[in-house]
Amino acid sequence: MMKKAVLFLFAALLGAGVAMGGMLSEEPGELTVSGQFFFPDSADCDLFKAGYGALVSYREWFSFPWGAGISLGVSQWQVDNDSDAFKYDKLSDYDGDATLIPVGASLYFNMIDWDNWNLILETGLQYVFVDSGVTVYNNEETAQETQDVDIDGAILWNIGAEYEYMVTENLYVLGGLGYQMDVMSGDTEYAGRSVRDAEFEGGYVRLGAKFLF
(Lines give C-alpha, C1' and ligand atoms only; values in the text may rest on other atoms or scores of the structure.)
Protein backbone atom coordinates (compact mmCIF):
# COMPACT_ATOMS: atom_id res chain seq x y z
CA MET A 1 0.00 0.00 0.00
CA MET A 2 2.84 2.39 0.89
CA LYS A 3 4.62 1.74 -2.42
CA LYS A 4 1.43 2.45 -4.40
CA ALA A 5 0.94 5.71 -2.49
CA VAL A 6 4.52 6.79 -3.23
CA LEU A 7 4.13 6.04 -6.95
CA PHE A 8 0.87 7.98 -7.04
CA LEU A 9 2.44 10.98 -5.30
CA PHE A 10 5.44 10.98 -7.65
CA ALA A 11 3.10 10.89 -10.65
CA ALA A 12 1.00 13.70 -9.16
CA LEU A 13 4.09 15.90 -8.62
CA LEU A 14 5.28 15.25 -12.17
CA GLY A 15 1.86 16.13 -13.58
CA ALA A 16 1.59 19.23 -11.43
CA GLY A 17 5.03 20.40 -12.54
CA VAL A 18 4.14 20.07 -16.22
CA ALA A 19 0.80 21.82 -15.67
CA MET A 20 2.36 24.64 -13.63
CA GLY A 21 5.26 25.29 -16.01
CA GLY A 22 5.83 29.03 -16.31
CA MET A 23 3.25 30.04 -13.69
CA LEU A 24 5.67 32.00 -11.51
CA SER A 25 7.92 33.39 -14.24
CA GLU A 26 8.59 33.41 -17.96
CA GLU A 27 11.56 31.08 -17.46
CA PRO A 28 11.13 27.34 -18.16
CA GLY A 29 10.03 25.09 -15.33
CA GLU A 30 12.67 22.68 -14.02
CA LEU A 31 12.01 19.09 -13.00
CA THR A 32 14.78 17.29 -11.14
CA VAL A 33 15.07 13.55 -10.50
CA SER A 34 17.90 12.37 -8.28
CA GLY A 35 19.15 9.58 -6.06
CA GLN A 36 20.27 10.35 -2.51
CA PHE A 37 22.48 8.72 0.11
CA PHE A 38 22.28 9.79 3.76
CA PHE A 39 24.92 9.71 6.50
CA PRO A 40 23.00 9.88 9.81
CA ASP A 41 24.55 11.96 12.57
CA SER A 42 24.80 9.65 15.59
CA ALA A 43 25.82 12.32 18.11
CA ASP A 44 22.40 12.41 19.83
CA CYS A 45 20.67 9.32 18.44
CA ASP A 46 22.50 6.38 16.85
CA LEU A 47 19.40 4.43 15.74
CA PHE A 48 20.26 4.53 12.01
CA LYS A 49 23.51 3.81 10.22
CA ALA A 50 22.68 4.75 6.60
CA GLY A 51 19.86 5.78 4.31
CA TYR A 52 19.24 5.82 0.56
CA GLY A 53 16.41 6.87 -1.70
CA ALA A 54 15.15 9.13 -4.48
CA LEU A 55 13.85 12.69 -4.79
CA VAL A 56 11.69 14.47 -7.38
CA SER A 57 11.47 18.26 -7.29
CA TYR A 58 9.90 21.03 -9.37
CA ARG A 59 11.41 24.54 -9.42
CA GLU A 60 10.81 27.95 -10.98
CA TRP A 61 12.87 31.16 -10.86
CA PHE A 62 10.35 33.78 -9.75
CA SER A 63 12.93 36.60 -9.54
CA PHE A 64 16.31 35.40 -10.79
CA PRO A 65 18.64 34.51 -9.08
CA TRP A 66 15.92 33.57 -6.57
CA GLY A 67 13.78 30.50 -7.09
CA ALA A 68 11.24 28.37 -5.25
CA GLY A 69 10.15 24.77 -5.55
CA ILE A 70 8.36 21.76 -4.14
CA SER A 71 9.69 18.25 -3.67
CA LEU A 72 8.68 14.69 -2.88
CA GLY A 73 11.01 11.87 -1.90
CA VAL A 74 11.20 8.36 -0.58
CA SER A 75 14.08 6.77 1.30
CA GLN A 76 14.88 3.76 3.41
CA TRP A 77 16.96 4.17 6.58
CA GLN A 78 18.75 1.08 7.91
CA VAL A 79 18.95 0.46 11.65
CA ASP A 80 22.37 0.17 13.29
CA ASN A 81 22.34 -3.27 14.92
CA ASP A 82 24.85 -2.09 17.51
CA SER A 83 22.69 0.86 18.48
CA ASP A 84 21.85 1.95 22.00
CA ALA A 85 19.53 4.69 20.79
CA PHE A 86 17.02 4.58 23.65
CA LYS A 87 19.65 4.40 26.44
CA TYR A 88 17.82 1.64 28.33
CA ASP A 89 19.75 -1.51 29.24
CA LYS A 90 16.67 -3.74 28.92
CA LEU A 91 16.45 -2.98 25.20
CA SER A 92 18.88 -4.59 22.78
CA ASP A 93 19.21 -6.16 19.31
CA TYR A 94 17.91 -3.17 17.38
CA ASP A 95 16.92 -4.24 13.85
CA GLY A 96 14.91 -3.37 10.75
CA ASP A 97 14.48 -0.16 8.79
CA ALA A 98 12.19 2.82 8.34
CA THR A 99 10.67 4.15 5.13
CA LEU A 100 10.58 7.96 4.95
CA ILE A 101 8.41 10.03 2.60
CA PRO A 102 9.43 13.71 2.78
CA VAL A 103 7.19 16.39 1.23
CA GLY A 104 8.72 19.84 1.19
CA ALA A 105 9.18 23.36 -0.13
CA SER A 106 12.51 25.04 -0.83
CA LEU A 107 14.08 28.40 -1.61
CA TYR A 108 16.98 28.56 -4.10
CA PHE A 109 19.73 31.04 -4.90
CA ASN A 110 21.72 30.71 -8.14
CA MET A 111 25.16 31.68 -6.86
CA ILE A 112 26.95 31.14 -10.21
CA ASP A 113 25.19 31.16 -13.59
CA TRP A 114 27.86 30.29 -16.15
CA ASP A 115 27.50 29.41 -19.84
CA ASN A 116 27.07 25.67 -19.34
CA TRP A 117 26.99 25.16 -15.57
CA ASN A 118 25.36 26.51 -12.41
CA LEU A 119 26.10 26.48 -8.71
CA ILE A 120 22.88 26.68 -6.70
CA LEU A 121 22.33 27.06 -2.96
CA GLU A 122 19.19 25.57 -1.39
CA THR A 123 17.34 25.64 1.90
CA GLY A 124 13.91 24.35 2.83
CA LEU A 125 11.56 22.51 5.14
CA GLN A 126 10.13 19.01 4.78
CA TYR A 127 7.40 17.13 6.59
CA VAL A 128 8.38 13.47 6.75
CA PHE A 129 5.89 10.61 6.90
CA VAL A 130 7.49 7.58 8.59
CA ASP A 131 6.58 3.92 8.06
CA SER A 132 8.55 2.14 10.77
CA GLY A 133 9.80 -1.40 10.42
CA VAL A 134 12.15 -0.99 13.40
CA THR A 135 12.20 -3.65 16.10
CA VAL A 136 13.97 -4.06 19.43
CA TYR A 137 14.33 -6.95 21.88
CA ASN A 138 12.71 -6.19 25.24
CA ASN A 139 14.53 -8.06 28.01
CA GLU A 140 12.20 -6.98 30.82
CA GLU A 141 10.89 -9.89 32.93
CA THR A 142 7.33 -9.33 31.76
CA ALA A 143 8.28 -9.21 28.08
CA GLN A 144 11.29 -11.25 26.91
CA GLU A 145 10.38 -10.72 23.24
CA THR A 146 11.05 -8.70 20.11
CA GLN A 147 8.73 -5.70 19.89
CA ASP A 148 7.87 -3.17 17.20
CA VAL A 149 9.02 0.43 17.48
CA ASP A 150 6.52 3.07 16.30
CA ILE A 151 7.88 6.37 14.93
CA ASP A 152 5.69 9.38 14.18
CA GLY A 153 6.28 12.00 11.50
CA ALA A 154 9.01 14.62 11.74
CA ILE A 155 9.86 18.07 10.37
CA LEU A 156 13.31 18.62 8.85
CA TRP A 157 15.25 21.70 7.75
CA ASN A 158 17.94 21.26 5.12
CA ILE A 159 20.66 23.40 3.60
CA GLY A 160 22.79 22.37 0.65
CA ALA A 161 24.57 23.19 -2.61
CA GLU A 162 24.14 21.71 -6.08
CA TYR A 163 26.35 21.76 -9.18
CA GLU A 164 24.59 21.46 -12.54
CA TYR A 165 26.28 20.82 -15.91
CA MET A 166 24.45 21.27 -19.22
CA VAL A 167 24.38 18.23 -21.53
CA THR A 168 21.82 19.57 -24.00
CA GLU A 169 19.70 22.72 -24.09
CA ASN A 170 17.00 21.11 -21.93
CA LEU A 171 19.02 18.55 -19.93
CA TYR A 172 21.53 18.94 -17.10
CA VAL A 173 23.32 16.42 -14.93
CA LEU A 174 23.81 17.40 -11.30
CA GLY A 175 25.57 16.56 -8.08
CA GLY A 176 24.92 17.99 -4.67
CA LEU A 177 25.60 17.74 -0.98
CA GLY A 178 23.97 19.10 2.14
CA TYR A 179 22.89 18.60 5.71
CA GLN A 180 19.44 18.15 7.25
CA MET A 181 18.43 18.87 10.85
CA ASP A 182 15.43 17.92 12.98
CA VAL A 183 13.10 20.83 13.64
CA MET A 184 10.62 18.40 15.20
CA SER A 185 11.80 14.84 15.90
CA GLY A 186 9.55 11.83 15.47
CA ASP A 187 7.81 10.71 18.69
CA THR A 188 8.87 7.12 19.34
CA GLU A 189 7.25 4.27 21.29
CA TYR A 190 7.64 0.55 21.93
CA ALA A 191 4.86 -1.48 23.54
CA GLY A 192 2.97 1.78 24.14
CA ARG A 193 5.86 3.33 26.10
CA SER A 194 7.51 6.57 25.03
CA VAL A 195 11.28 6.59 24.56
CA ARG A 196 13.80 9.04 23.12
CA ASP A 197 12.64 10.59 19.85
CA ALA A 198 14.01 9.13 16.63
CA GLU A 199 16.13 11.65 14.70
CA PHE A 200 16.90 11.91 10.99
CA GLU A 201 19.69 14.46 11.21
CA GLY A 202 22.72 13.98 8.99
CA GLY A 203 24.54 14.74 5.76
CA TYR A 204 23.54 13.66 2.28
CA VAL A 205 24.90 13.47 -1.27
CA ARG A 206 22.77 13.66 -4.39
CA LEU A 207 23.23 12.65 -8.07
CA GLY A 208 20.67 13.09 -10.80
CA ALA A 209 19.38 15.02 -13.80
CA LYS A 210 17.40 18.20 -14.43
CA PHE A 211 14.91 18.66 -17.28
CA LEU A 212 13.68 22.03 -18.60
CA PHE A 213 10.23 22.37 -20.18
Side-chain angles (χ1 to χ4, degrees), residues 1-13 33-57 71-104 124-158 160 177-208:
M1 189 69 179
M2 178 67 73
K3 291 181 179 179
K4 291 182 179 179
V6 172
L7 290 174
F8 174 78
L9 289 171
F10 270 110
L13 181 62
V33 181
S34 56
Q36 296 190 112
F37 191 86
F38 298 89
F39 305 90
D41 186 341
S42 59
D44 295 319
C45 179
D46 65 350
L47 181 58
F48 300 104
K49 63 180 179 181
Y52 58 91
L55 182 74
V56 174
S57 62
S71 63
L72 173 68
V74 60
S75 61
Q76 188 172 62
W77 288 51
Q78 301 291 330
V79 168
D80 184 348
N81 300 123
D82 297 323
S83 174
D84 185 27
F86 304 144
K87 309 301 180 185
Y88 180 40
D89 60 7
K90 296 296 183 181
L91 300 179
S92 61
D93 296 333
Y94 293 74
D95 200 6
D97 55 52
T99 299
L100 277 59
I101 302 177
V103 180
L125 291 173
Q126 298 175 326
Y127 182 81
V128 182
F129 299 92
V130 181
D131 182 20
S132 175
V134 178
T135 62
V136 66
Y137 186 79
N138 186 348
N139 198 39
E140 295 173 342
E141 292 185 6
T142 56
Q144 300 288 318
E145 62 181 1
T146 298
Q147 296 177 331
D148 295 332
V149 175
D150 297 320
I151 304 174
D152 287 343
I155 297 177
L156 303 177
W157 170 50
N158 73 286
L177 53 83
Y179 194 86
Q180 64 184 29
M181 292 152 277
D182 292 86
V183 175
M184 183 186 77
S185 303
D187 291 340
T188 306
E189 296 182 348
Y190 77 96
R193 303 179 184 178
S194 295
V195 289
R196 296 182 56 168
D197 292 347
E199 297 183 354
F200 303 102
E201 188 163 322
Y204 62 83
V205 294
R206 181 185 298 165
L207 293 173

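Only this structure's heavy atoms are used, side chains among them; waters, hydrogens and symmetry mates stay out.
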What is the minimum heavy-atom distance between [X] and [Y], and which atoms define it?
{"X": "Y94", "Y": "D84", "answer": "OH-C, 3.9 Å"}
{"X": "L156", "Y": "V183", "answer": "C-CG2, 4.2 Å"}
{"X": "P102", "Y": "V74", "answer": "CD-N, 4.0 Å"}
{"X": "K49", "Y": "N81", "answer": "NZ-OD1, 4.4 Å"}
{"X": "A198", "Y": "C45", "answer": "CA-SG, 4.4 Å"}
{"X": "P40", "Y": "F48", "answer": "CB-O, 3.7 Å"}

Polar side-chain atom of N158 near backbone of Y179 as donor-acceptor pair, under 3.5 Å: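 Looks like no, no N/O pair under 3.5 Å.
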
Exam field: side chain Q180 to backbone G202, donor-acceptor pair closer than 3.5 Å: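 A pair under 3.5 Å: no.
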
I want to check something: taking the side chain as every heavy atom from C-beta on, are [X] and [Y] in contact at a cut-off of under 4.5 Å?
{"X": "D187", "Y": "D197", "answer": "yes"}
{"X": "N138", "Y": "Y190", "answer": "yes"}
{"X": "I155", "Y": "Q126", "answer": "no"}

For T135, the option from V149, D95, D97, D93 that meets side-chain contact (heavy atoms from CB on, under 4.5 Å):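 Exactly one candidate clears the test, D95.
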
Run the numbers on Y52 and Q78 for side chain to side chain contact (heavy atoms under 4.5 Å, CB included), then give the verdict. CA-CA 9 Å; Y52 58 91; Q78 301 291 330; 3.8 Å; yes

Going through the checks in order, is the side chain to side chain contact (heavy atoms under 4.5 Å, CB included) test met by D80 and L47? CA-CA 6 Å; D80 184 348; L47 181 58; over 6 Å; no

Pair D46-S83, side-chain donor/acceptor within less than 3.5 Å: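 Yes - a donor-acceptor pair under 3.5 Å links their side chains.
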
What's the spacing between S132 OG and L100 CG if we round to 0.5 Å?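 Reported value, rounded in 0.5 Å steps: 9.5 Å.
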
Show the numbers, then the answer: is there a side chain to side chain contact (heavy atoms under 4.5 Å, CB included) between F37 and L207? CA-CA 9 Å; F37 191 86; L207 293 173; over 6 Å; no

Determine whether V130 and D150 satisfy the following criterion, side chain to side chain contact (heavy atoms under 4.5 Å, CB included), listing intermediate values before the conclusion. CA-CA 9 Å; V130 181; D150 297 320; over 6 Å; no

Hey, what's the ring geometry for W77 with F200, parallel, tilted or perpendicular (30° and 60° as the breaks)?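 Geometry flag for F200 against W77: perpendicular rings.
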
Quick one: list whatever passes salt bridge (charged side-chain N to carboxylate O under 4.0 Å, His left out) with E140, sequence neighbours left out.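 In terms of salt bridge (charged side-chain N to carboxylate O under 4.0 Å, His left out), with neighbours along the sequence ignored, E140 is linked to R193.
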
